[in-house]
2 protein chains.
Amino acid sequence: MGITERRNRDREKMRKRILDTAMKLFLADGYESVSMRRIADMIEYSPATIYLYYKSKDAIFYELHDIGFEKLYKKQSLAYSFKDPWKRLEKHGKAYIDFALGNPRYYELMFIMEAPEKDFSKKDEGDIGYRSFDFLVQNIRDCMDQGYLKKTDASVAAFSFWSLIHGIVSLVLRGKAVMFEEGQMEAVARDSLKYVMNSIRNK
Amino acid sequence: MGITERRNRDREKMRKRILDTAMKLFLADGYESVSMRRIADMIEYSPATIYLYYKSKDAIFYELHDIGFEKLYKKQSLAYSFKDPWKRLEKHGKAYIDFALGNPRYYELMFIMEAPEKDFSKKDEGDIGYRSFDFLVQNIRDCMDQGYLKKTDASVAAFSFWSLIHGIVSLVLRGKAVMFEEGQMEAVARDSLKYVMNSIRNK
DNA sequence: CCATGTTACTGAACGCTGTTTATATACTAA
DNA sequence: TTAGTATATAAACAGCGTTCAGTAACATGG
């Protein structure tokens with residue numbers, strides 16, 4: 001019977017319409033400007049209808065959040081085509097900064113804003129978040145093995161690296177780096193990463 | 001004429017009452033839970049009254065924001081009693097992490113949350129923020145001069161250092177470091193700083 | 001084909017939010 | 001005592017996320 005299938009398709013279409021509209025509003029004007037009523041207006045349904053497809057506003061944002069992780073993960077994966085672990089580390093860092101500065105709203109949603117709800121964020125973020133972090137840990141370990149980095153707990157070193165790049169982009173995104181000229185921020189971000197990488201390099 | 005003076009005192013008292021109440025609510029339950037009506041309830045005035053003393057909710061938070069900067073600045077200043085620039089850098093970083101993890105709400109307000117309003121945040125944050133950053137730049141320069149650090153643009157290196165410590169604490173505060181055990185986070189934060197400082201040290 | 005049950009949808013409301021405005025009261029100055 | 005000013009508030013505005021009773025369209029079994 002094709003009726004249930006069609007219904008499922010319709011349902012998915014509607015979910016997508018809602019998600020796309022939320023994303024459009026979010027990317028254009030940020031979290032604040034996404035309201036259930038605005039989404040409803042744009043898709044020409046009543047606000048209550050949205051609740052038949054998403055259980056809350058947080059649920060919508062959690063899906064956007066997931067899409068962002070997928071995008072970042074793909075971008076980072078490219079770095080791992082190189083065989084030299086140091087080169088991989090460089091590319092990883094560069095990809096991260098590129099993603100954050102190129103998709104500032106996504107980055108804020110994923111790493112800067114308070115997590116929408118504890119119900120969601122536990123398992124799934126672990127899922128792809130862990131995978132990404134494990135990649136980094138392994139790469140750091142390789143760098144240590146090949147003498148590029150001083151040896152220590154690889155998790156701690158990976159966390160350090162992540163902290164550095166997260167710190168760089170989140171200061172830039174939050175406009176805290178006012179001591180640099182507006183147009184120079186991206187360059188400063190990249191130079192910062194280069195400087196530290198150059199300084200920690202052991203061979 | 002003592003009347004205007006008394007009125008000014010009363011006015012300041014009222015402002016303080018409002019600010020203290022906002023701070024209490026904020027430190028206890030975070031930004032979300034501070035509403036003009038809750039403040040009004042606690043000080044036993046009507047919500048509208050608050051607007052006679054502060055022009056908006058953002059204005060209140062901007063004052064809290066300032067108080068936080070003052071606290072951080074004081075804590076960091078202690079680091080500068082040491083004459084060895086490397087030791088100063090270590091203490092600076094440690095003080096920063098201690099402040100952030102010891103006053104998470106403040107730290108969020110100051111560096112993580114979206115700035116309340118552009119009207120306020122331009123000049124004054126520059127004021128003490130710049131001072132703090134300049135201290136760091138000078139210290140980094142000293143470290144370079146004495147051979148502790150590889151030479152480069154001192155502003156970029158200072159930004160790198162700031163990014164690292166900001167990154168560490170904001171990942172911890174946002175609960176993104178889920179790969180470490182809850183109780184170990186503070187230790188990881190400190191170890192990360194130690195690892196990087198140990199790695200970038202040039203002599 | 002009709003009755004029954006299911007699904008999709010919505011208007012109206014609840015209880016919040018920050019903020020504004022008209023109004024009333026209390027205090028000061030002439 | 002009167003005029004003027006400062007202080008306080010109730011009520012409302014426009015928005016928010018969310019819930020729920022009620023309606024209308026549709027699918028299905030008899």
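Side-chain N/O atoms of B/S35 include one lying less than 4.0 angstrom from OP1 or OP2 on C/dT17. Contact annotation: A/Y51 side-chain N/O to D/dC20 OP1/OP2 distance is not under 4.0 Å. For A/T49 and C/dT10, the shortest distance from a side-chain N or O to OP1 or OP2 is below 4.0 Å. Contact annotation: A/Y53 reaches the phosphate of C/dC9 (side-chain N/O to OP1 or OP2, under 4.0 Å). Within the 4.0 Å cut-off from OP1 or OP2 of D/dA10, not a single side-chain nitrogen or oxygen of B/R37 is found.
Within the 4.0 angstrom heavy-atom criterion, no nucleotide atom of any strand lies near A/Y54. A/R6 comes within 4.0 angstrom of sugar-phosphate atoms only, judged by non-hydrogen atoms across all strands, and of no base. When heavy atoms are screened at a 4.0 angstrom cut-off, A/R7 is found touching the sugar-phosphate backbone but no base atom.
Positionally, the nearest nucleotide of DNA chain D for B/S46 lies more toward the 5' end than for the other of B/S46 and A/P47.
In summary, A/K94 and A/D98 engage in a salt bridge, as defined by a charged side-chain N under 4.0 Å from a carboxylate O.
No option in A/R17, A/K16, A/R15 other than A/R15 meets the side chain to side chain contact (heavy atoms under 4.5 Å, CB included) test with A/Y53.
Ring geometry, A/F133 versus B/F180: the interplanar angle exceeds 60°, so the pair is classed perpendicular (tilted spans 30 to 60°).
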